[in-house]
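The structure appears right after this line, and notes come after that.
Residue indices begin at 1 and follow the sequence shown.
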Amino acid sequence: MSSLKAIDKIKLEKFFNMSSGYVCDFVDRTFGEFVLETTGIDVYTEEYAQNGTSKANRLRMFWKKESNSITAELLQEMLDYWKTQKLSSPEGIEQADHILYEECKKIANKLKTESSIENMDALKPNSNDRSFVVLVNSIRESIKRDDPAEALDRLHTFVVK
């Protein structure tokens, strides 16, 4: 389940123009294909139609059911799609849309960051040796600081030990 906050959902719904049940300029087929290609998930199954069968309702259910990582991946691709569509149109991107776009990018990035630490509890010392405990704590701290190079170095040490 993603950790999208109510205010995040409001911004995303406004940005993707979901108030009428639509999502961007997708039709059912292209929306389903886009989500499937991006995440490997078929949103046109019954589990995503629990709150209704519109594209917007299916996307809301996707946000509710899927992890931060998968939700972030889809949001980033949808934002890229939107930007590509707008840049190719004669109207371009209005200032208000650009500001909301940047807010939505922050939301997707926040979810992506949160997803990198959501399963950290799975990393446990496999020995009572004090050095293993220190090593695991060091790995966790590196991940929290968003220092992947140090985390990988410590993880390599953990695996070799």
Sub-4.5 Å side-chain heavy-atom contact between Leu59 and Leu74:
yes
If the plane angle is over 60° it's perpendicular, under 30° parallel, otherwise tilted; pick one for Trp82 and Tyr101.
parallel
Atom NZ of Lys64: over 12 foreign heavy atoms under 6.0 Å:
no
Are side-chain heavy atoms of Arg58 and Val35 found at a separation under 4.5 Å?
no
Any side-chain heavy-atom pair from Ser3 and Leu111 closer than 4.5 angstrom?
yes
Distance (rounded to the nearest 0.5 Å) between Ile10 CD1 and Lys5 NZ:
13.5 Å
Rounded distance [0.5 Å steps], CD in Glu33 versus CG in Asp42:
10.5 Å
For Ser2 against Thr71, the heavy-atom pair lying closest together:
CB-OG1, 3.6 Å
So do the side chains of Lys110 and Asp8 get within less than 4.5 Å of each other, counting heavy atoms only?
yes
Below 4.5 Å, heavy atoms only, C-beta onward: do Lys106 and Lys11 meet side chain to side chain?
no
Partner of Arg60 under side-chain contact (heavy atoms from CB on, under 4.5 Å), chosen from Lys65, Gln50, Lys9, Met18
Met18
Does some side-chain heavy atom of Leu75 sit less than 4.5 Å from a side-chain heavy atom of Phe16?
yes
Do Met78 and Val23 make a side-chain contact, defined as non-hydrogen atoms from C-beta onward lying under 4.5 Å apart?
yes
Heavy-atom nearest pair, Ala108 first then Ala72, reads O-CB, 3.5 Å
Could you state the interatomic distance from NZ (Lys83) to NE2 (His98), rounded to the nearest 0.5 Å?
7.0 Å
Which distance, rounded to the nearest 0.5 Å, do you find between the CD of Glu102 and the CG of Leu79?
9.5 Å
Quick check on the hydrophobic clustering: are Ile93 and Phe15 connected, directly or via other members, by side-chain heavy-atom contacts under 4.5 Å?
yes
In this structure, OG1 of Thr53 is separated from CE of Met61 (nearest 0.5 Å) by 12.0 Å
Taking only Lys NZ, Arg NE, NH1 and NH2, and the carboxylate oxygens of Asp or Glu, determine whether Lys105 and Asp80 approach each other closer than 4.0 Å.
yes
Residue pair Gln76 / Asn109, side-chain donor-acceptor N/O under 3.5 Å
yes
Out of Phe62, Tyr44, Tyr81, which residue meets the ring pair (Phe, Tyr, Trp, His ring centres under 6.0 Å) rule with Phe34?
Tyr81
So which atom in Leu100 and which in Lys14 form the shortest heavy-atom distance, rounded to 0.1 Å?
CD2-CG, 3.9 Å
With rounding to the nearest 0.5 angstrom, report the CD to OG1 distance, Glu37 to Thr39.
10.0 Å
Heavy-atom donor-acceptor pair, Asn57 side chain to Asn51 backbone, under 3.5 Å:
yes
Atom of Cys104, atom of Leu12 and distance for their closest heavy-atom approach:
SG-CD2, 3.7 Å
Exceeds 12 heavy-atom contacts within 6.0 angstrom, atom CZ of Phe26:
yes
